[in-house]
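Below you'll find the structure, written out as structure tokens, and then a few comments.
Computed from heavy atoms alone, side chains included, the values below leave out hydrogens, waters and symmetry copies. So that the names make sense, note that chain A is the first sequence line, chain B the second, and so on, each numbered from 1.
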Protein chains: 2
Amino acid sequence: MVGVNEKTAARTRVADAVYERLREMIFTGELSPGARLSVPALAESLDVSRSPVRDAVLRLVQERLASEEPRRGAIVASVGLAELVSIYEIREVLEGLAARLAVENAGRKLVRALKEALDEHEAATRTADLAASTEADLRFHRLIREAAGNPEVIRLLDDVQTQVRLAMRTTTVTAGPRQAIDDHRAILTAIESGDAVAAEQAARAHIFRLRSVLLRQLEGGE
Amino acid sequence: MVGVNEKTAARTRVADAVYERLREMIFTGELSPGARLSVPALAESLDVSRSPVRDAVLRLVQERLASEEPRRGAIVASVGLAELVSIYEIREVLEGLAARLAVENAGRKLVRALKEALDEHEAATRTADLAASTEADLRFHRLIREAAGNPEVIRLLDDVQTQVRLAMRTTTVTAGPRQAIDDHRAILTAIESGDAVAAEQAARAHIFRLRSVLLRQLEGGE
DNA sequence: GTTCGACGGTTTACATGTAAGGTGGCCGTC
DNA sequence: GACGGCCACCTTACATGTAAACCGTCGAAC
């Protein structure tokens with residue numbers, strides 16, 4: 001034995017770090033939609049060589065956080081309202097699926113955790129703590145999809161959320177905090193009662209309402 | 001097979017060609033699940049440098065045709081029965097969504113094209129022409145999702161199909177040709193009558209039956 | 001006979017060189 | 001002053017160099 005094995009060592013890929021950094025820059029607005037992702041320029045500003053930057057940019061492109069045209073390089077993607085509506089159509093059926101599957105292998109623990117998230121969501125809303133409210137909201141959804149036991153659903157919903165976050169740089173979608181909590185309560189009730197079909201319906205209805213908000217924005221203002 | 005036909009002439013990217021070639025090698029079995037994707041070895045055998053091969057392999061990894069462990073390289077992915085079930089759960093709701101959306105902006109042309117595909121499917125089944133039957137089957141589904149008018153749905157269902165093709169190297173899933181045709185007819189009827197909800201239900205039921213076949217395989221003979 | 005550790009070969013991951021293509025600016029022309 | 005072609009710069013895409021990590025093997029010690 002050569003000594004203690006450091007688990008911290010495993011994660012040191014420069015390309016991964018660059019990828020994370022670029023994601024962060026996109027989500028914080030340091031890189032706006034449309035901004036050019038010049039590999040040499042980024043390499044210099046991040047003080048690494050071009051190779052890991054290239055890998056990271058390719059990864060962003062394939063996750064559609066950036067778009068590229070051959071020989072012209074990549075730019076930060078922008079997600080318009082119409083695309084966001086398309087994404088919410090997908091999110092609707094995927095969240096429905098997650099809720100249905102969650103019922104099928106749900107336990108007491110899930111219900112308890114969901115209740116807790118919902119309570120915190122409500123409390124944060126009462127005190128107008130936006131950050132905590134958002135966190136509890138996201139956690140509620142995350143708990144359900146992780147309980148679904150289908151790794152593909154988790155991955156796809158993570159993808160959806162990534163696109164939504166990007167779109168949020170220019171748009172917001174909320175049906176009002178009270179509506180969200182009521183919707184969540186309906187989902188929780190269905191899960192608690194073990195009614196998979198009702199849970200699917202409730203989850204779909206929740207996303208459907210959010211999508212309706214988007215559609216009104218699409219037709220009305222802007 | 002998303003959009004290979006860009007009309008711009010000078011799309012001679014070596015990395016793209018390598019990517020296509022590797023995909024082909026995976027689907028034809030030239031590269032079996034588990035096979036190592038050694039960048040230097042592939043570069044030599046394809047007679048290009050390591051860079052485009054590296055790009056292509058990264059792309060495969062990201063599309064989950066290959067899996068990688070850091071510092072250990074990539075191998076051709078294998079899709080087991082359990083994963084295939086997960087994929088079909090997703091396919092169920094996505095095909096349902098596509099059918100619903102297709103109704104919402106369907107025209108006469110769609111119905112006619114679907115009828116044609118269904119007729120050919122039936123004819124090919126009668127003459128036991130497996131290739132033509134499969135082609136007509138795929139075309140039926142493709143027509144619907146392209147009519148959905150939601151590019152994300154198309155992309156996700158293409159992804160699903162890629163995974164299914166990979167899984168098909170070791171598994172087959174069919175509910176029997178008659179069942180498939182009956183299912184398709186039910187979908188067509190619902191679309192023709194303009195009943196979006198019925199179309200969604202019919203499409204979901206179709207995939208649900210295929211998934212049931214998988215589940216029986218999963219429980220029964222290994 | 002089994003276990004352990006050193007060694008060679010192979011590969012990854014990062015760095016860097018370079019030809020060809022694209023862009024935008026600049027200048028001359030009308 | 002507007003327009004069009006030329007040129008210089010920058011970038012992409014491919015090629016290649018290289019340190020360090022990993023794998024399998026082999027041999028020695030117990």
| remark: Sequence neighbours excluded, the answer for side-chain contact (heavy atoms from CB on, under 4.5 Å) partners of A/Asp129 is A/Ala124, A/Thr127, A/Ala131, A/Ala132
| Quick one: does B/Asp183's side chain have a donor or acceptor within less than 3.5 Å of a partner on B/Ala203's backbone? | no
| query | Rounding to a whole Å, what distance do you find between A/Asp16:CG and C/dT12:P? | reply | 16 Å
| remark: For residues 25-51 of chain B, the salt bridge (charged side-chain N to carboxylate O under 4.0 Å, His left out) pairs (sequence neighbours left out) are B/Arg21-B/Glu30
Enumerate all atom pairs, one protein N or O and one N or O from nucleotides 9-13 of chain D, separated by less than 3.5 Å.
from	atom 1	to	atom 2	distance (Å)
D/dT11	OP1	A/Ser38	OG	3.4
D/dT12	OP2	A/Val39	N	3.4
D/dT12	O2	A/Arg71	NH1	3.2
D/dA13	OP1	A/Arg71	N	3.0
D/dA13	OP1	B/Arg13	NH1	2.6
D/dA13	OP2	A/Arg54	NH2	3.3

| remark: Taken in chain and number order and not counting sequence neighbours, the residues that satisfy side-chain hydrogen bond (donor to acceptor under 3.5 Å, both in side chains) with A/Arg54 are B/Asp55
| query | Has B/Ser49 got a side-chain N or O lying under 4.0 Å from the OP1 or OP2 atom of D/dC14? | reply | no
| said: For residues 102-117 of chain A, which residue pairs pass the salt bridge (charged side-chain N to carboxylate O under 4.0 Å, His left out) check, not counting sequence neighbours? | reply: A/Lys115-A/Glu192
| query | Any donor-acceptor pair under 3.5 Å joining the side chain of A/Ser51 to the base of C/dA15? | reply | yes
| note | Rounded to whole Å, CD of B/Glu44 lies from P of C/dT10 at a distance of 12 Å
| said: Just to verify, what does A/Arg204 make a salt bridge (Lys or Arg N to Asp or Glu O under 4.0 Å) with, not counting sequence neighbours? | reply: A/Glu92, B/Glu200
